[in-house]
Amino acid sequence: VPEVEEHDEL
Amino acid sequence: MNIFRLFGDLSHLLAIIILLLKIWKTRSCAGISGKSQILFAIVYTSRYLDLMTTYISAYNTFMKIVFVATSYATVFLMYMKFKATYDRNHDTFRIEFLIVPAVILALVINQEFTVLEVLWTFSIYLESVAILPQLFLVSKTGEAESITSHYLFALGSYRALYLLNWVYRYYAEDHYDLIAIVAGLVQTVLYCDFFYLYITKVLKGKKLQLPA
């Protein structure tokens, strides 16, 4: 399972 | 932050400002779909819940708060303050046909099955189609005021600029988010017909009028 990145966009 | 993303965000902000100014100055929300505005309020509420859990930057926090606040302000102006001018007879798109599939899709296709992540994914899916009630309203009345056209152009440009941002980030940062990219493509494609009319008519000083 790929690690979930933070959503840094709007 | 790259130039595409910055201009995308500014284009989004401009769209919101144009819409609020139009409603405020003309004291009327005629020609605007309240259904689309409700969908946008749902989109930003479900996406920006991470304001409570994650800090990215002052810019990010500020823009999120602006997007959430202005989406509620727009809904308030349309359904309360200038309720009498709201074009409800033409604004008949059934939003449950967009919300329900977006919920189901978010439950099935997401990066991680957590409340915040599923809500984020739902908001991305819903945003991609949230403009449909507005486009439906324009097609029903057969025309749009120039100011409404400018609003739609700025709003459509925002996701198109984000597509360039994602291409840039893929090459420059090895970063990509498939859910956002696919939904962003869908969102931009929905505007294509409108973009064509905007460039060929509105920019030449004509009113946006659909062929009868």
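Chain letters run A, B, ... following the sequence lines, proteins first, then strands; residues in each count from 1. Worth knowing before you read on, the calculation uses all heavy atoms, side chains too, and leaves out hydrogens, waters and symmetry mates.
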Side-chain heavy-atom pair A/His7, B/Thr54 within 4.5 angstrom cut-off: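 Result no, sub-4.5 Å side-chain heavy-atom pair not found.
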Pairwise side-chain contact, A/Leu10 with B/Tyr59, heavy-atom cut-off 4.5 Å (strictly under):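 Heavy-atom side-chain distance check passes, below 4.5 Å.
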In terms of heavy-atom proximity below 4.5 Å to chain A, should [X] be classed as side chain, backbone, both, or neither?
X	result
B/His175	side chain
B/Asn60	both
B/Tyr162	side chain

Residue [X] excluded, over 12 heavy atoms near [atom1] under 6.0 Å:
X	atom1	result
B/Phe7	CZ	no
B/Tyr168	OH	no
B/Phe62	CZ	no
B/Leu6	CG	yes

Roughly how far apart are B/Asn165 CG and A/Glu9 CD, rounded to 0.5 Å?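 These two atoms lie 5.0 Å from each other.
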Would B/Arg5 and A/Asp8 pass as an ion pair if we require N to O under 4.0 Å?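 No salt bridge links B/Arg5 with A/Asp8.
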